[in-house]
Amino acid sequence: QVQLVESGGGLVQAGGSLRLSCAASGRTFGSYPMGWFRQAPGKEREFVAAINWSGGRTYYADSVKGRFTISRDNAKNTVYLQMNSLKPEDTAVYSCTAYRVRVSTTRADYWGQGTQVTVSS
């Protein structure tokens with residue numbers, strides 16, 4: 001079992017930056033691919049980014065490519081999402097996820113409770 005706790009959300013102006021963190025429990029954190037999803041009000045949940053167990057491979061949704069960067073520190077059991085050049089349409093609840101086996105853009109095996117990101121215009 002993996003428990004995920006996100007932090008770092010908040011209110012930021014368009015063009016600004018935020019860094020989300022996700023602290024994971026469990027000694028096997030380093031073996032899990034990790035990811036981020038988001039859900040805006042009235043919209044379906046969507047994939048944002050993912051990273052393999054070593055950090056050597058990353059995946060991004062087209063809508064965030066070039067603006068967001070996912071990274072991980074296995075020694076700290078933490079995954080990060082650096083968000084730059086934020087836009088009002090990035091406003092959503094961002095949830096950290098973990099995969100037992102492989103990255104998927106449609107599902108994950110473990111979910112955090114989510115952190116709110118609000119981008120004002």
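If you read the sequence from its start, that first residue is 1, and numbering goes on from there. What you are looking at is a predicted structure, and each value in this text was computed from that prediction instead of being measured.
For Thr69 (side chain) and Gln82 (main-chain N/O), no donor-acceptor pair under 3.5 Å exists by modelled atom type. Between the side chain of Ser25 and the backbone N or O of Gln3 there is at least one donor-acceptor pair closer than 3.5 Å. Under the 3.5 Å distance criterion, the side-chain polar atoms of Arg45 are left unmatched by any main-chain donor or acceptor of Arg107. Remark: the backbone N or O of Gly114 is paired with a side-chain donor or acceptor of Glu6 at under 3.5 angstrom.
In terms of hydrophobic clustering, with Ile, Leu, Val, Met, Phe, Trp and Tyr side chains grouped at heavy-atom distances under 4.5 Å, Val2 and Met34 are assigned to a common cluster. In the hydrophobic clustering of this structure, Tyr99 does not group with Leu4; members are Ile, Leu, Val, Met, Phe, Trp, Tyr whose side-chain heavy atoms approach within less than 4.5 Å, directly or through other members. Val64 and Leu18 fall within the same hydrophobic cluster, where Ile, Leu, Val, Met, Phe, Trp and Tyr residues are linked whenever their side-chain heavy atoms come under 4.5 Å apart, directly or through other members. Linking Ile, Leu, Val, Met, Phe, Trp and Tyr whenever their side-chain heavy atoms come within less than 4.5 Å leaves Val93 and Val79 in two separate clusters.
Taking every heavy atom of both residues into account, Tyr59 and Val103 meet most closely at CE1-CG2, 3.8 Å. Considering every non-hydrogen atom in both Val119 and Thr91, the closest pair reads N-OG1, 2.9 Å. Closest approach of Leu86 to Arg67, counting heavy atoms only: CA-NH1, 3.9 Å. Residues Pro88 and Ser121 approach most closely at CG-CB, 3.8 Å, considering heavy atoms. The nearest pair of heavy atoms linking Tyr94 to Met83 is CE2-SD, 3.9 Å. Taking both residues in full, the closest heavy atoms of Gly30 and Trp53 are given as O-CB, 3.3 Å, listed atom of the first, atom of the second, then distance.
Residues meeting the side-chain hydrogen bond (donor to acceptor under 3.5 Å, both in side chains) test with Ser104, sequence neighbours left out: Thr106.
Within the 4.5 Å cutoff, side-chain heavy atoms of Phe68 are placed close to those of Asp90. Inter-residue side-chain proximity for Arg38 and Ser63 is flagged as met; some heavy-atom pair is nearer than 4.5 Å. Side-chain contact between Arg102 and Pro33 is absent, with no heavy-atom pair separated by less than 4.5 Å. The shortest distance between side-chain heavy atoms of Ile70 and Tyr60 falls below 4.5 Å. Side-chain contact between Cys96 and Trp36 is present, with at least one heavy-atom pair separated by less than 4.5 Å.
Crowding of Trp111 atom CH2: a count of heavy atoms from other residues, nucleotides or ligands under 6.0 Å exceeding 12. Dense packing is recorded around CD of Gln113, with more than 12 heavy atoms of other residues, nucleotides or ligands lying under 6.0 Å away.
Using cut-offs of 30° and 60° for the angle between ring planes, the Phe37 and Phe47 rings count as perpendicular.
The distance from the OH atom of Tyr110 to the CZ atom of Arg100 is 4.5 Å, given to the nearest 0.5 Å. For the atom pair SG of Cys22 and CG of Asn77, the computed distance is 10.0 Å after rounding to the nearest 0.5 Å.
Lys65 has a carboxylate O that lies under 4.0 Å from a charged side-chain N of Asp62, or vice versa, which qualifies the two as a salt bridge.
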